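A short write-up of the structure that comes next.
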Number of protein chains: 4
Amino acid sequence: MERTSTKRLPIFEAAVAVFSEKGFAKATMEEIARRAGIAKGTLYYNYRSKKELFLSLIEEGIERLEAAVKREIARRRDTSSKLEALIGAQLSFFEEYRDYCKLLLSEVWGLGSRWEKQLERLRSGYIGIIKDLLQRGQAEGIIRQDLEVNTAAMGVFGAVAVAALNAFLFERQYHYESLLQTLKNLLFLGLNEREG
Amino acid sequence: MERTSTKRLPIFEAAVAVFSEKGFAKATMEEIARRAGIAKGTLYYNYRSKKELFLSLIEEGIERLEAAVKREIARRRDTSSKLEALIGAQLSFFEEYRDYCKLLLSEVWGLGSRWEKQLERLRSGYIGIIKDLLQRGQAEGIIRQDLEVNTAAMGVFGAVAVAALNAFLFERQYHYESLLQTLKNLLFLGLNEREG
Amino acid sequence: MERTSTKRLPIFEAAVAVFSEKGFAKATMEEIARRAGIAKGTLYYNYRSKKELFLSLIEEGIERLEAAVKREIARRRDTSSKLEALIGAQLSFFEEYRDYCKLLLSEVWGLGSRWEKQLERLRSGYIGIIKDLLQRGQAEGIIRQDLEVNTAAMGVFGAVAVAALNAFLFERQYHYESLLQTLKNLLFLGLNEREG
Amino acid sequence: MERTSTKRLPIFEAAVAVFSEKGFAKATMEEIARRAGIAKGTLYYNYRSKKELFLSLIEEGIERLEAAVKREIARRRDTSSKLEALIGAQLSFFEEYRDYCKLLLSEVWGLGSRWEKQLERLRSGYIGIIKDLLQRGQAEGIIRQDLEVNTAAMGVFGAVAVAALNAFLFERQYHYESLLQTLKNLLFLGLNEREG
DNA sequence: GATGAATGAGTCTTCATTCAT
DNA sequence: GATGAATGAAGACTCATTCAT
């Protein structure tokens, strides 16, 4: 039940910025309001509480990630290309929304029990897409049969997420193409050099 | 300069439990003291502040992880076995200290700028070990040359960490062997079924 | 200067309901507006402030009580019947407007200094009627001379009010006739069994 | 489970003063602390919340009233004297603790549903004492049989309470003896002049 | 060494009131 | 006349930290 739409966008952006800089607990409604250029009361006019504001951010972000990835996948025919596109889409999403993604990993991923609903949303949403592709790939014989898909899906997500955040947040400079290529090589071909 | 008190072990355990359940900001010194069976003042007698207590936990944890992994690595001769052992050691460490590892990912990893020193410690410490092994492997020709080692090291760490936490924290039951095998297969051999 | 709006009646009823459920301080203009089926701004179009709305309620209520009692009194000839009628009228008013009367006792009576004007209104209004009747009765020799009229008038009001509210608000079921009879017996004849 | 006793007395007195001046909702913890000469945090160290502080006040007050009245009653032999003593004791309690009694009537009596437990405490406690005496009196034939005891007990309480508060809080000067005598005459003998 | 009562700065949240439409 | 989005002052409550015993 969205209220005014005029105010919600600036609030959204300010909130993502503050939450990702300070973390959920250290972020203050005061600062979010100030950065959004509105009064504190207006924040509460639009969102019932700090928690609701936070959760709506997470929800919205997960939806955007899903949408972005689905769009890219839909463009490819074969499962292999789809998986490749998925990795590319996740990486590019993490690059564009690095602040939001930091939030995603630190608050939602790290904690868990307190945000069960949102976690489940992520798992059945984005992780579910990876899992489906892996299963289809196994059926088609192009993905190794000896992979348990849940674990493998989490592994793929984790590898991209951690490598991406490390590069985008903590490296002064990074080479996007090299990052993407290394992740694809690692995940599709593995660490091992193929012998002869 | 550690104080010599015999109180530090129970404090350590209580602190890990509370911090990982509540997160840094929501954890209270009151509760840590209560769970450790001591008075709040005693906490401050042993640690200057909440932050110092927290950081000493993280420090200690990273050291344990490094030590555990190094021990396993030292037992193997060839680089390949060492890498395999490293993944096993990380997984087993995450299983044993799941609470601590949740902390590690949510507070230290997710945030960053605020704990730079600790992050750097993790990166140059544990991630550094992975990186060194990968480099040695490339020199020996058993690791793919087309992998940028920093990215690959982060990818390996992230894949294991995320898959492990998901299994240990959120799955009612998990099959440790299958988890380990899938991660090894994924990381060493890649997703692709080898043709021919 | 009452505004002419047709909105004032629904507002009145909603306001009495909300104020008596929550008390003055916990009642919100928001809820009063919602229950009256109007917008918050409209409330302020009709009443300058929360306090004014509240006071106009109290004023109105005291006037209704006075009017009801005066009407009943006017019907009787002798002072004794008038006093009897007064008690009956107060009891029946408290039964019909129990919410309003709860308000009256809790906010106006209990506090005092803050609403001096309204209190004075009540005292010189309704209590004044009782006092006048008692004085007339004393002059006529049908009311005990050893009663100080101010105190007695307050005592009569208090006995009826407290017994009435207790019955109407907190007893699941009550017997109106028995209530009335007991109050009349208590107040006119006293507790003591007459000897001889 | 009382905490420190050193701090609780000044808090008690400051709280009664502030609550009775402002009412529950308008009273602030800040002001109570200031008047008690302690920091706000200390208030919360001794009482979990504003509500708990308030309720403990009410509880304590009801107990004191009960104790005072029981003490006086115990000194008399016959039921009639006991009832007389009860009225005297209530009046003198209301004179001494006028602030507290204002609180009692405005917050607890007036509201009700929100403080059910405390109300019940009062009803079964103090009102119960009156009721018991009336019943015993009826059995002994010295109290009118045509009085329903619940109603009569409430009436007695209400008459004394309302007359007392009016005198002690709002009259510049009052004559205690006259007040007491009028109430006793009113309640024991009734309004009616005895004919013949 | 150990304790826990006391502190007060810092936050979330509520709500009467205003005003542009 | 009517609306409801926006405001900001005010207040309950938390908790890291201190210090006298």
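Protein chains get the first letters and strands the later ones, always in sequence-line order, with residue 1 at the start of each. Since this is a predicted model, take the numbers as computed values, not measurements.
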Whole-Å distance between E:dA16 P and C:K22 NZ?
11 Å

How far does CE of C:M29 sit from CG of C:L43, to the nearest 0.5 angstrom?
4.0 Å

Anything below 3.5 Å on both distances counts as a pair; with that, list the stems of at least three consecutive Watson-Crick or G-U pairs involving DNA chain F.
E:2-21 with F:2-21

Nearest-Å distance, CG (D:N46) to C1' (E:dT7)?
13 Å

Between protein and nucleotides 17-21 of chain E, what N or O pairs are separated by less than 3.5 Å?
| from | atom 1 | to | atom 2 | distance (Å) |
| --- | --- | --- | --- | --- |
| E:dT17 | OP2 | C:Y44 | OH | 3.2 |
| E:dT17 | OP2 | C:K50 | N | 2.9 |
| E:dT17 | O4 | C:K40 | NZ | 3.0 |

Can you name the residues that form a side chain to side chain donor-acceptor pair (under 3.5 Å) with C:E60, not counting sequence neighbours?
C:R64

Sequence neighbours excluded, the answer for side chain to side chain donor-acceptor pair (under 3.5 Å) partners of B:K50 is none

Could you state the atom-to-atom distance from CD of B:E31 to P of F:dA16 in whole Å?
11 Å

Under 4.0 Å between a side-chain N or O of C:T42 and OP1 or OP2 of F:dT3?
yes

In this structure, how many angstroms lie between the P atom of F:dT14 and the OH atom of D:Y47, rounded?
17 Å

Counterpart residues, side chain to side chain donor-acceptor pair (under 3.5 Å), relative to D:E13 (two or more places apart):
none

Check whether any side-chain N or O of A:S20 sits under 3.5 Å from a backbone N or O of A:V16 as a donor-acceptor pair, and report yes or no.
yes

Of D:A39 and A:A27, the one whose closest DNA chain E nucleotide lies more 5'
D:A39

Using whole Å, what does the distance between atom P of nucleotide E:dC12 and atom CG of A:L43 come to?
10 Å

Return the 5'-most residue of the pair C:A25, B:G37 with respect to DNA chain E, ranking by each residue's nearest nucleotide.
B:G37

For A:F54, which of A:F24, A:Y100, A:Y47 qualifies under ring-ring contact (aromatic ring centres under 6.0 Å, His included)?
A:F24

When the ring centroid of B:F94 is compared with that of B:F168, is the distance short of 6.0 Å?
no

From CZ of D:F54 across to C1' of F:dA12 the rounded distance in Å is 16 Å

Let me know the distance between OH of B:Y45 and P of E:dG4, rounded to the nearest Å.
16 Å

Residues passing the side chain to side chain donor-acceptor pair (under 3.5 Å) test with C:Y126, sequence neighbours excluded, are C:Q90

Rounded to whole angstroms, how far apart are NZ on B:K26 and P on F:dC13?
16 Å

Basic-acidic side-chain contact under 4.0 Å: C:K26, C:E21:
no

